[in-house]
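We name chains A, B, ... by the order of the sequence lines, and we start the count at 1 in each one.
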2 protein chains.
Amino acid sequence: MTQEQYSKYSFLLDRTARKVKQYAQQQFKSGDFDVTVDQWLVLKNLSENDALSQTELANLVFKDHPTLTRIIDLLSKKGYVERVPHPQDRRSFQLHLTETGVSKVTSLRPEIHQIREKAWENLSPHDFEEFKRILNTIYQNLNGESLGQ
Amino acid sequence: MTQEQYSKYSFLLDRTARKVKQYAQQQFKSGDFDVTVDQWLVLKNLSENDALSQTELANLVFKDHPTLTRIIDLLSKKGYVERVPHPQDRRSFQLHLTETGVSKVTSLRPEIHQIREKAWENLSPHDFEEFKRILNTIYQNLNGESLGQ
DNA sequence: TACCAATAGTTAGTGTGACAAATATATAAA
DNA sequence: TTTATATATTTGTCACACTAACTATTGGTA
């Protein structure tokens, strides 16, 4: 394969990732979900793992610490998440969904699954598996030290 | 396939796209390329198509107009690109690479191809074709009106 | 105890992305 | 010609990504 052909994937990958996020965000907006796509990712992970620290959560969702700080700021301003001081370590917080946060996740989860499915029209379950395999391989190829998950 | 499984792809897609951009950006930086990954995309397209308007270029690289305006601002501040008033249409500009811009593209092109290849270790040419097919299908599934390319 | 490296989180600066609105100009219709 | 509409670009705002620098705290070690 020539070098020229190889350079296309980064363009298509970026373009598609942006389209997926943009499509979801538009649906979120027209449904008055009151959260962004990235805020949803954080809420969803908090609903599945209680009392995470920000560092633990950052590793889970693969966002860096400054980004996560701001997302938590926004979510707590909206009343979905609380920072509770860690009982032993005064540097750190335990993150909890509020009541409002829990019911937000419960109500949005099925709607968001529907939105996500739209991307897979005309594609097979086998395509889905291949896609995940290739994405993970690329990720690991570029992920110097640690081996990704 | 259950709904639960389906939701993973958007996470992996976003994570991988960010990793690809991040990896390239780090290489750009350690090589003192003096441009960002997105600025490179714009430069490269200008080197292949002279005298584009900003609208034409935006459609080519799939960036929206405000984003492109700002990238052109940065590239012209760095001396790589010039806005030349369109001879007939006073609303619009024709974009040109400067001498410096041309030599920048010439010198960076091979280095960037090498950086881009790193992602494809352990993957086959067939994977590459499948990957492009799936990315394009997803894009078109979500791209309401027009059919994308 | 005193020092020091590591860790948790925040803040600031720059670049990018999406979206809405504003400005200037062009073109078509009345 | 006047008016209406469409097009090209810019500006403003909010959100996110990445880097670097900073504060506070912890834990190990001399």
**Student:** If each of B:Q88 and B:T36 is mapped to the nucleotide of DNA chain C with the nearest heavy atom, which maps nearer the 5' terminus, i.e. the 5' end?
**Tutor:** B:T36

**Student:** List the residues meeting salt bridge (charged side-chain N to carboxylate O under 4.0 Å, His left out) with B:R91, not counting sequence neighbours, and say none if there are none.
**Tutor:**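 Salt bridge (charged side-chain N to carboxylate O under 4.0 Å, His left out) list for B:R91, sorted by chain: B:D89.
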
**Student:** Rounded to whole Å, please give me the gap between CG in A:D73 and P in C:dA12.
**Tutor:** 12 Å

**Student:** Using the test side-chain contact (heavy atoms from CB on, under 4.5 Å), find all partners of A:R133 that sit at least two apart in sequence or belong to another chain.
**Tutor:**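 If we apply the side-chain contact (heavy atoms from CB on, under 4.5 Å) test to A:R133, skipping adjacent residues, the hits are A:E130, A:T137, B:L123, B:D127.
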
**Student:** Please give, in whole Å, the distance from C:dC19 P to A:R18 CZ?
**Tutor:** 11 Å

**Student:** Answer with yes or no after comparing the ring centroid distance for B:W40 and B:F33 against a 6.0 Å cut-off, counting only values under it.
**Tutor:** no

**Student:** How would you label the contact of B:T67 with the nucleic acid (heavy atoms, under 4.0 Å): base, sugar-phosphate, or nothing?
**Tutor:** base

**Student:** Verify the contact: side-chain N or O of A:R70 to OP1 or OP2 of C:dT10, cut-off strictly under 4.0 Å; return yes or no.
**Tutor:** no

**Student:** Please collect all salt bridge (charged side-chain N to carboxylate O under 4.0 Å, His left out) contacts where either partner lies in residues 65-76 of chain A, sequence neighbours excluded, each pair once.
**Tutor:** A:D73-A:R83

**Student:** OP1 or OP2 of C:dG17 versus the side-chain N and O atoms of B:K63: is any pair under 4.0 Å?
**Tutor:**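 For C:dG17, OP1/OP2 do have a side-chain N/O of B:K63 under 4.0 Å.
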
**Student:** Output all residues satisfying side-chain contact (heavy atoms from CB on, under 4.5 Å) with B:S103, sequence neighbours left out; order by chain, then residue number.
**Tutor:** none

**Student:** Going by atom type alone, with no hydrogens or angles, which donor-acceptor pairs under 3.5 Å involve a side-chain atom of residues 20-29 of chain A and a protein atom two or more places apart or on another chain?
**Tutor:**
unit_1, atom_1, unit_2, atom_2, d
A:K21, NZ, A:D38, OD1, 3.3
A:K21, NZ, A:D38, OD2, 3.2
A:Q25, OE1, A:V37, N, 2.9

**Student:** For nucleotides 3-9 of chain C, tabulate all protein N/O to nucleotide N/O atom pairs closer than 3.5 Å, reporting atom names and distance.
**Tutor:**
unit_1, atom_1, unit_2, atom_2, d
C:dT7, O2, A:R91, NH1, 2.5
C:dG9, OP1, A:Q54, N, 3.3
C:dG9, OP1, A:F93, N, 3.1
C:dG9, OP2, A:Q54, N, 3.4
C:dG9, OP2, A:T55, N, 2.7
C:dG9, OP2, A:T55, OG1, 2.7

**Student:** Tell me the interatomic distance from B:L95, atom CG, to D:dA8, atom P, rounded to whole angstroms.
**Tutor:** 13 Å

**Student:** Using a 4.0 Å heavy-atom cut-off, does A:L68 contact any base of the nucleic acid, only the sugar-phosphate backbone, or nothing at all?
**Tutor:**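 Here A:L68 touches no strand at all.
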
**Student:** Roughly how many Å is it from CD1 in A:I71 to P in D:dC18, rounded to a whole number?
**Tutor:**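 Nearest whole value for this atom pair: 11 Å.
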
**Student:** Using whole Å, what does the distance between atom C1' of nucleotide D:dC18 and atom NZ of B:K21 come to?
**Tutor:** 11 Å

**Student:** In whole Å, what is the span from the CG atom of A:D64 to the C1' atom of D:dC18?
**Tutor:**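 Atom CG in A:D64 sits about 6 Å away from atom C1' in D:dC18.
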
**Student:** Start at the 5' end of DNA chain C and walk down; is the nucleotide closest to B:R90 or to A:D14 reached first?
**Tutor:** A:D14

**Student:** Would you mind reporting whether B:H96 and B:D50 have side-chain heavy atoms less than 4.5 Å apart?
**Tutor:** yes

**Student:** Scan residues 24-35 of chain A against DNA chain C and write down, sorted by residue number, each residue with any heavy atom closer than 4.0 Å; if none is found, say none.
**Tutor:** A:Q26, A:K29

**Student:** What is the distance, rounded to the nearest whole Å, between atom CD of A:Q39 and atom C1' of D:dC14?
**Tutor:**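 It works out to 11 Å between those atoms.
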
**Student:** Distance check needed: C:dA18 P versus B:D38 CG, whole Å only.
**Tutor:**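 To the nearest whole Å, that distance equals 11 Å.
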
**Student:** Can you list everything that forms a side-chain contact (heavy atoms from CB on, under 4.5 Å) with B:Q39? Sequence neighbours excluded, please.
**Tutor:** B:V35, B:T36, B:I71, B:L74, B:L75, B:K78

**Student:** Quick one: list whatever passes side-chain contact (heavy atoms from CB on, under 4.5 Å) with B:H65, sequence neighbours left out.
**Tutor:**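 Scan of B:H65 (side-chain contact (heavy atoms from CB on, under 4.5 Å), adjacent residues dropped) gives B:T55, B:A58.
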
